[in-house]
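Contents: one structure, followed by commentary.
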Number of protein chains: 2
Amino acid sequence: MVEHTGIRARVRAELTGEIKAAARRQLATEGANLSLRAIARELGMASSALYRYFANRDDLLTALIIDAYDGLGEAAETADARYRRRGDHVGRWLAVARALRGWALAAPSEYALILGSPVPGYRAPTDTTGPASRAPLVLAGIVADAAAAGALDEVPAPPLPAKLRAELTAVAGQVNVPLDAPVLARMMLAWTELYGAISFELFGQLDNLVGRRDEWFDYQARSMAALIGLR
Amino acid sequence: MVEHTGIRARVRAELTGEIKAAARRQLATEGANLSLRAIARELGMASSALYRYFANRDDLLTALIIDAYDGLGEAAETADARYRRRGDHVGRWLAVARALRGWALAAPSEYALILGSPVPGYRAPTDTTGPASRAPLVLAGIVADAAAAGALDEVPAPPLPAKLRAELTAVAGQVNVPLDAPVLARMMLAWTELYGAISFELFGQLDNLVGRRDEWFDYQARSMAALIGLR
DNA sequence: CGCTGTCAAGAGCAGTGCTCTCGTTTGTGT
DNA sequence: ACACAAACGAGAGCACTGCTCTTGACAGCG
């Protein structure tokens, strides 16, 4: 368990990576119920040898899930970080939204793995909660910046029940984003919509309905920015 | 293929129903990759006998998918039909939204089947497009009623690119809902958000984040009604 | 009544996840 | 430099899967 930093550990890490790469490749064509034997075959090794690297199929799946969350989160973070005009909160929001969609379109099977229907019989370990929150935290950060800059419009919103409001306030404190409950609620709603938009497109719900996908997504992202009060 | 209405056809239909029921039961526990042998075992018959009723696993899955779409659509339709004050468009919207969520919570595995990540290797036949549009059509109908009654508020919205606008106008004509492009766009965005909200809750994305699920969903549904312009 | 189409059952094939055992390789502490 | 323990890959085997093919029984219609 301890880091031995030897040559052995190096080749082990490399082979582990190759296994995950092969698994990802298979994920794209065969879906979440990946075949360990097929992976082993592709790597030219015995199927039983895989168990030296992953205790079972779920373990391998967990590794893929964490990688996917990290990939999505990093896409969001770099998209925001690279955006020059930090005061243009709508621009940042749009850039991050596009990055999320772009990542999803580039790796649809990995997106489905983390944000699609849960794999039956698979229970996500707690290791995934950290990476999972990276993407929404980027969105929250943009809104928080706007709020701090006094650049948030007042927007009409349905009433927030007191107890729900209290819950949201607690969540804001827990993840350390300086947003009051109504704004956080709108931001979460917007994140929900973006997720729905990407999923609709990816899962085929838009087929024969909307052809101009880029424009349609941009329209939605802009609508959500407006709903939050970004300007 | 012709309806023979004989005794033979009756027992066949009954057994077909029992097979689907068993498959649904297994869907809830094991997920989309259902085991024909387990179904046959549950019904006390040989696994090979199932192939008299469904050509293969995908065929059985297709039947379940169509049933699920119909169930979701019917839940939406009856929820709207039962709502008394037809002029209260927000109320109808909320009732339908709650019905959609209620159906999903009652049959999470069936919801995942139709609106979750697509089953790998499975290609949905065209038979599913009809039932699939029932639920969103109910929502569109409410908005259309509001528009016809002149009960739609003017709401600010991002610009709609001309070509996208034309596409949406074509879609409105195709499904025969008298909505102009901007309103249809907002309605589709709202439907996307509701789907995202239900999926988030069902797929565990809200765990350790929002406890008061009913209130949170109502808030979102109300927000979407306001975004469309319902009052 | 007898033919014919429908039906269930069984064996069998190729594939799966996973376990256990068996030699071999390899890094490392002495 | 050497020996030892840990790590490793390969193979056989178990119980399971979807699916096909064949066989035999039975029931409905002319």
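Throughout, a chain's letter reflects where its sequence line sits, starting with A, and its residues are numbered from 1.
- For B:Ala49, the side-chain atoms get nearest to C:dA9 when compared with the rest of C:dA9, D:dA10, C:dT16.
- Among the atoms of the strands shown, none is found under 4.0 Å from any heavy atom of A:Leu43.
- Side-chain atoms of A:Arg37 and base atoms of C:dG15 include no donor and acceptor less than 3.5 Å apart.
- For A:Arg98 and A:Asp214, the salt-bridge test fails: no basic side-chain N is under 4.0 Å from an acidic carboxylate O.
- A sub-4.0 Å separation between OP1 or OP2 of D:dT17 and a side-chain N or O of B:Arg41 is present.
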Apply side-chain hydrogen bond (donor to acceptor under 3.5 Å, both in side chains) to the pair A:Tyr111 and B:Ser117, showing each step before the final yes or no. CA-CA 9 Å; A:Tyr111 177 89; B:Ser117 17; over 6 Å; no
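- The pair A:Lys20-A:Asp59 does not meet the salt-bridge criterion, since no charged nitrogen lies less than 4.0 angstrom from a carboxylate oxygen.
- In this structure, B:Ile19 atom CD1 and D:dG18 atom P are separated by 14 Å, rounded to whole Å.
- Spacing between atom CG of A:Leu50 and atom P of D:dG11 amounts to 14 Å, rounded to whole angstrom units.
- Taking only side-chain atoms of B:Ser48, from C-beta outward, the nucleotide of D:dC21, C:dT16, C:dC22 with the closest atom is D:dC21.
- For C:dA8, one of the phosphate oxygens OP1 or OP2 lies less than 4.0 angstrom from a side-chain nitrogen or oxygen of B:Tyr53.
- Projected onto DNA chain D by closest heavy-atom contact, B:Ala55 and B:Arg52 fall at different nucleotides, the more 5' of which corresponds to B:Ala55.
- Judged by the 6.0 Å distance and 45° axis criteria, A:Arg12 is positioned over the aromatic ring of A:Tyr53.
- Mapping B:Ser47 and B:Val11 onto DNA chain C by nearest heavy atom places B:Val11 closer to the 5' end of the strand.
- Backbone-only contact: B:Leu15 has heavy atoms under 4.0 Å from sugar-phosphate atoms and none from a base.
- Residue B:Ile39 is classed as having no contact, given no heavy-atom separation below 4.0 Å to the nucleic acid.
- The base of D:dA7 is not paired with the side chain of A:Arg12 by any donor and acceptor separated by under 3.5 Å.
- A:Asn56 comes within contact range of the sugar-phosphate backbone alone, with a heavy-atom separation under 4.0 Å but no base atom that close.
- Residue A:Ser35 places at least one side-chain N or O under 4.0 Å from the OP1 or OP2 atom of C:dG17.
- Between A:Leu184 and A:Met188 there is a side-chain heavy-atom pair separated by less than 4.5 Å.
- For the pair B:Gln26 CD and D:dT17 C1', the computed distance is 11 Å after rounding to whole Å.
- Listed nucleotides D:dT17, C:dC18, D:dC19 differ in distance to B:Ala38; the shortest reach to its side chain belongs to D:dT17.
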